[in-house]
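Below is one structure; the comments refer to it alone.
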Amino acid sequence: DEANPGNGATPAAAPSLLFVGRLEPRKGVVDLVDAAVEVMREQPALTVHLLGRDCAAGAGAGTMVEHLRRRIPAELAPRFHFEGLRPRAEVLARYRAATACVFAAPWDNYPFTCCEAMASGAAVVVADAGGMAELVEHERSGLVFRSRDVGGLAAAIRRLLAEPDLGRALR
């Protein structure tokens, strides 16, 4: 995100993706990590910040953070930040500071975190499932990708990184 006088955006040192929510399988965090790994190979400055409570990994052993860390290649691991629960005021500020907020849940009835991100002026990337498909109009209020399509999610992330004017317009 580059500064754009008059829109309230703050300059970011490097592109970043933000996820806010419980770290659990049904929130799409595996797809986010897999897509980010794909994009990071082309974007050496990209970081991913995951804020929220760690949960069981579901079918995998251990916690979701442990499961996700096992999916991340060692050379990219320092660019993923698992930050746990954060104070609400900080979360609200971080929505706006991120290049994009990603909500990859394969189904979410009413994604409150997505609503918060949009209300905070964030560019959002969302799955076309559940309530997100009703909240976000593709290319007007966010980018929408096909649920569970890691390649489609990676393409949406690449597009926002390549088209800063699009990110500003989506805010």
Side-chain angles (χ1 to χ4, degrees), residues 12-95 97-118 120 122-133 135-136 142-158 160-161:
S16 65
L17 304 177
L18 179 67
F19 170 86
V20 177
R22 287 183 311 281
L23 298 175
E24 61 179 65
R26 66 184 177 152
K27 294 296 183 180
V29 291
V30 171
D31 291 347
L32 169 57
V33 166
D34 290 351
V37 164
E38 186 178 319
V39 174
M40 282 179 169
R41 297 192 187 287
E42 307 148 15
Q43 295 284 335
L46 179 64
T47 59
V48 177
H49 302 264
L50 298 103
L51 283 57
R53 185 181 315 268
D54 193 9
C55 296
T63 70
M64 186 53 106
V65 170
E66 293 166 345
H67 176 72
L68 295 172
R69 287 188 191 281
R70 288 190 296 268
R71 299 181 77 80
I72 300 168
E75 69 275 11
L76 299 178
R79 293 166 52 194
F80 283 86
H81 306 276
F82 296 91
E83 302 182 40
L85 296 173
R86 308 300 308 155
R88 182 168 174 71
E90 178 185 333
V91 172
L92 294 174
R94 297 210 32 207
Y95 284 132
T99 304
C101 296
V102 180
F103 304 99
W107 187 87
D108 201 337
N109 187 37
Y110 189 79
F112 189 71
T113 53
C114 182
C115 294
E116 280 186 335
M118 292 172 70
S120 297
V124 298
V125 177
V126 304
D128 67 349
M132 290 179 294
L135 290 172
V136 178
L143 293 182
V144 181
F145 67 95
R146 194 176 72 236
S147 177
R148 299 209 184 256
D149 178 3
V150 172
L153 173 53
I157 293 167
R158 282 186 187 99
L160 275 177
L161 296 176

R86 vs H49, test: side-chain contact (heavy atoms from CB on, under 4.5 Å). Steps then yes/no.
CA-CA 12 Å; R86 308 300 308 155; H49 302 264; over 6 Å; no
The test is side-chain contact (heavy atoms from CB on, under 4.5 Å); show your working for M40 and E75 and say whether it passes.
CA-CA 10 Å; M40 282 179 169; E75 69 275 11; over 6 Å; no
Could you give me the CA-CA distance, side-chain angles and deciding distance for L153 and I157, then say whether side-chain contact (heavy atoms from CB on, under 4.5 Å) is met?
CA-CA 6 Å; L153 173 53; I157 293 167; 3.9 Å; yes
L135 vs V124, test: side-chain contact (heavy atoms from CB on, under 4.5 Å). Steps then yes/no.
CA-CA 11 Å; L135 290 172; V124 298; over 6 Å; no
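Between the CG atom of D128 and the OG atom of S147 there is a distance of 6.0 Å, given to the nearest 0.5 Å. To the nearest 0.5 Å, the span separating CG on L17 from CG on L161 amounts to 6.5 Å. Going from atom CE of M132 over to atom CH2 of W107 covers 10.0 Å, rounded to the nearest 0.5 Å. Here the CE atom belonging to M118 is positioned 11.5 Å from the OG1 atom belonging to T113, to the nearest 0.5 angstrom.
Taking every heavy atom of both residues into account, P15 and T99 meet most closely at CA-OG1, 3.2 Å. In this structure, A97 and S16 approach most closely via the heavy-atom pair O-OG, 4.4 Å. In terms of heavy-atom proximity, Y95 sits nearest to S120 at CD1-OG, 3.6 Å. Nearest approach of A14 to A45, heavy atoms of both residues: CB-O, 3.6 Å. For the pair F82 and L68, the tightest heavy-atom approach, listed with the atom from each and the gap, is CE2-CD1, 3.7 Å. For P78 against H81, the heavy-atom pair with the smallest separation is O-CE1, 3.3 Å.
The closest side-chain heavy-atom distance from F80 to V48 is below 4.5 Å. Taking 4.5 Å as the limit, some side-chain heavy atom of V37 sits within range of a side-chain heavy atom of P73. The shortest side-chain heavy-atom distance between C114 and F103 falls under the 4.5 Å cut-off.
Residue R148 qualifies as open at atom CZ: its count of foreign heavy atoms under 6.0 Å is 12 or below. For R53, the CZ atom counts as loosely surrounded, since its 6.0 Å shell holds 12 or fewer non-hydrogen atoms of other residues, nucleotides or ligands.
A donor-acceptor pair is defined here as one N or O able to donate and one able to accept, closer than 3.5 Å; no such pair exists between the side chain of D54 and the backbone of G84. Under a 3.5 Å cut-off, the side chain of T47 and the backbone N or O of R79 do not form any donor-acceptor pair.
Residue pairs meeting the side chain to side chain donor-acceptor pair (under 3.5 Å) criterion with at least one member in residues 21-31, sequence neighbours excluded: R22-E24, E24-R26, K27-D108.
Exactly one residue among L85, V91, L23 makes a side-chain contact (heavy atoms from CB on, under 4.5 Å) with L51. That residue is V91.
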